[in-house]
Amino acid sequence: MSARTKALLWTGAGALFVAFVLFAPLFPAGMCVDAQDSARSYCRDWHTSVMGVETSVGMWLGGSAALLGIGLVLAWQLTGRKPRRVEAEAEADGDE
């Protein structure tokens, strides 16, 4: 397995872990507001992540896709070929 492949795999795993911690809807929460007029009373429920962020399954999937895409593009760019100038200098040093 090449260094680039390892970097991409670790970056992908890290991005999915961060998305899980930030956006996975793990804990239910809710509140009810009672008013004297029953027409104005209401209840609301939602889910929060480990970090306490109000979230949903859609937000979790979207955040996972965005972080995974950004992470893989950056890892691909950072593990790419050396710039031509560096390659030319390396070849020049090797010829001497």
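Positions are given from 1 along the sequence. These figures come from a predicted structure and were not determined experimentally.
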Practice prompt. Would you name the heavy atoms of His47 and Pro28 that are closest together and state the gap between them?
Written response: CD2-CA, 3.9 Å
Practice prompt. Using the disulfide (SG to SG under 2.5 Å) rule, collect all pairs that involve residues 30-69, keeping only residues at least two apart or in two chains.
Written response: Cys32-Cys43
Discussion item. For residues 16-39, which residue pairs pass the side chain to side chain donor-acceptor pair (under 3.5 Å) check, not counting sequence neighbours?
Written reply: none
Discussion item. Please determine whether residues Leu9 and Leu78 belong to a single hydrophobic cluster, defined as Ile, Leu, Val, Met, Phe, Trp and Tyr linked transitively by side-chain heavy-atom distances below 4.5 Å.
Written reply: no
Worksheet item: Which salt bridge (Lys or Arg N to Asp or Glu O under 4.0 Å) pairs, counting each pair once, include a residue from residues 12-30, with sequence neighbours left out?
Response: none
Worksheet item: Which atom pair, heavy atoms only, marks the closest approach of Thr48 to Ala29?
Response: CG2-CB, 4.5 Å
Worksheet entry | Over 12 foreign heavy atoms within 6.0 Å of CH2, Trp10 | no
Discussion item. Give me the atom names and distance for the closest heavy-atom approach of Ser64 to Leu16.
Written reply: CB-CD2, 4.2 Å
Discussion item. Using 0.5 Å steps for rounding, measure from the NZ atom of Lys6 to the OG1 atom of Thr79.
Written reply: 13.0 Å
Worksheet item: Rest of the hydrophobic cluster containing Phe17 (Ile/Leu/Val/Met/Phe/Trp/Tyr, side-chain heavy atoms under 4.5 Å)?
Response: Val18, Phe20, Val21, Leu22, Phe23, Leu26, Phe27, Val50, Met51, Val53, Met59, Trp60, Leu67
Worksheet, complete the sentence: Contacts satisfying salt bridge (Lys or Arg N to Asp or Glu O under 4.0 Å) that involve residues 38-67 (not counting sequence neighbours) are Arg44-Glu54
Practice prompt. Determine yes or no for a side-chain-to-main-chain donor-acceptor pair under 3.5 angstrom, with Ser41 supplying the side chain and Ala35 the backbone.
Written response: yes
Fill in: Distance in Å, Leu61 CG paired with Ser56 OG, rounded so as to fall on 0.5 Å steps
8.5 Å
Worksheet item: Is Ile70 isolated, or which residues cluster with it under the ILVMFWY side-chain rule of less than 4.5 Å, directly or via members?
Response: Leu74
